[in-house]
Q: 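Quick one: structure below, then a few questions.
Naming convention: chains lettered A, B, ... in sequence-line order (proteins, then strands); numbering from 1 in each chain. Keep in mind it's a predicted model, so treat the numbers as computed, not measured.
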2 protein chains.
Amino acid sequence: MGRGGIRKGAGRPKGQGKYNEPTKPIRIPESMISDVMKYLSIKGYKLPLYASTVQAGFPSPADDYIEQQLDLNQHLIKHPTATFFVRAAGNSMVGAGIHSGDILIVDRSLNPKSGKIVIAAIDGQLTVKRLSKTSKGLFLKAENDQYQAIKINDASDVVIWGVVTSVIHKV
Amino acid sequence: MGRGGIRKGAGRPKGQGKYNEPTKPIRIPESMISDVMKYLSIKGYKLPLYASTVQAGFPSPADDYIEQQLDLNQHLIKHPTATFFVRAAGNSMVGAGIHSGDILIVDRSLNPKSGKIVIAAIDGQLTVKRLSKTSKGLFLKAENDQYQAIKINDASDVVIWGVVTSVIHKV
DNA sequence: CATTTAGAATAATGTACATTATTCAAAAAA
DNA sequence: TTTTTTGAATAATGTACATTATTCTAAATG
């Protein structure tokens, strides 16, 4: 027989699902399913950024000192469709913190203003230089005295590819 | 009346969906839906990495010169659950390409071997130094002559937080 | 009275199905 | 014959629903 009757408070308790919040089914292309699962499992690659100057003693990184949660892609790439990477070669820009082998993040949608570090194709050769506009004209300057500044004029075959926003240096 | 009858080849043609491949509904926590959508729209943040030394003239980045497709998170972070970021302060490690204000990527799961750059808490103060094991003992050395090496012994209150794998420098 | 048990209640989750979008071609109209 | 129309065919997509998981308590049991 039924042992029924109303019983308040029964039922599976809320908030014990995998994500501890409501979910919705979203269609994902099959080739991306595993990537998306991974992305979800680490909560969108949002990792803690700690403040550098910390006072107390530390057994382990404590949540109290988290400055913010950071996703490298979102933090470093503002215009995904206009961004690409280039590997730097040579030491002409060490003064700007760019070493040989570093990966440069380049945004093609940014305006190459004077003072910005840009990727330029000079006669078909890619280089990274600082753009400098003076009364004498527009120049591409290395951050290293051993290199000569290159003057840009209509005759010179120079194409600015984009503006360098960050440098990734492996140690 | 019906104008019916069998007609082969009719129907919406395959491969004109948003992703041009079959999809499956996957449950996504509501707070992550927009993130996942964005992630999908740019195909998982995989952006082109170009070779630095290019020969031909370039009207625009050409596919022929793509070295590989890169996702910064996947490229820089091998152990997401063990990785965190710290902002560097001071100039004791400029020799290693670490400038004040840079974001350091730190992997706690890597073994802090001699020669590696590590994040250490010395008496509760976070610092970045190179670990050096010599016949005289274990040291934390700055990459800058103005700073004194710190000897690690049992008495000293030093905790190694993790190994620095990469440096992100904004220009 | 103490213990066990069979639904009742509700959250979490995966997938079947209904809906929408699009193209094709037979039949109707011109 | 040429053009137009309308239902057939099929892909794409969103969501309702069925299923599963979990906890609670009234009733049954001893």
Q: I need the CZ-P distance between A:R27 and C:dA18, as an integer number of Å.
A: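 In whole Å, C:dA18 P lies 15 Å from A:R27 CZ.
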Q: Check the distance between D:dG14's P and B:L40's CG and give it to me in whole angstrom.
A: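 Distance check: B:L40 CG to D:dG14 P gives 12 Å.
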Q: To the nearest Å, give me how far apart CD (A:E30) and P (D:dA11) are.
A: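 Value for this atom pair: 14 Å.
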Q: Whole angstroms only, please: what is the NZ-C1' distance between A:K14 and D:dT22?
A: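 Those two atoms, NZ and C1', are 16 Å apart.
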Q: Do the side-chain N and O atoms of B:N73 and A:D71 include a donor-acceptor pair separated by under 3.5 angstrom?
A: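 The criterion, which ignores hydrogens and geometry beyond distance, is satisfied for A:D71 and B:N73.
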Q: What contact category does B:P22 fall into here, base, sugar-phosphate, or nothing, at under 4.0 angstrom with non-hydrogen atoms?
A: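 No contact at all - B:P22 keeps every heavy atom at 4.0 Å or more from the nucleic acid.
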Q: Test salt bridge (Lys or Arg N to Asp or Glu O under 4.0 Å) on B:K24 and A:E30 and set out the steps.
A: CA-CA 6 Å; B:K24 273 187 77 163; A:E30 283 180 359; over 6 Å; no
Q: Taking atom OG1 of A:T81 and atom CZ of A:R108, what is their separation to the nearest 0.5 Å?
A: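 Spacing of OG1 (A:T81) from CZ (A:R108) equals 10.5 Å.
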Q: Between C:dT15 atom C1' and B:I26 atom CD1, what is the distance in whole Å?
A: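 Nearest whole value for this atom pair: 11 Å.
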Q: Ignoring hydrogens and geometry, is there a side-chain-to-backbone donor-acceptor pair from A:N20 to A:G17 under 3.5 Å?
A: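 A pair under 3.5 Å: no.
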Q: Relative to the 5' end of DNA chain C, which residue comes earlier, B:Q16 or B:P25, by the nucleotide with the nearest heavy atom?
A: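 Its nearest nucleotide lies further toward 5', so the answer is B:P25.
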Q: Just how far, in rounded Å, is C1' of C:dT13 from CD of A:E21?
A: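 Between C1' of C:dT13 and CD of A:E21: 14 Å.
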Q: Distance check needed: D:dA16 C1' versus A:K24 NZ, whole Å only.
A: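 Going from NZ in A:K24 over to C1' in D:dA16 covers 12 Å.
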Q: Can you tell me how far C1' of D:dT13 sits from CD1 of B:I28, to the nearest Å?
A: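 Going from CD1 in B:I28 over to C1' in D:dT13 covers 15 Å.
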Q: Considering only D:dT13, C:dA21, C:dT10, which nucleotide approaches the side chain of A:R12 most closely?
A: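 The answer is C:dT10, which lies nearest to the side chain.
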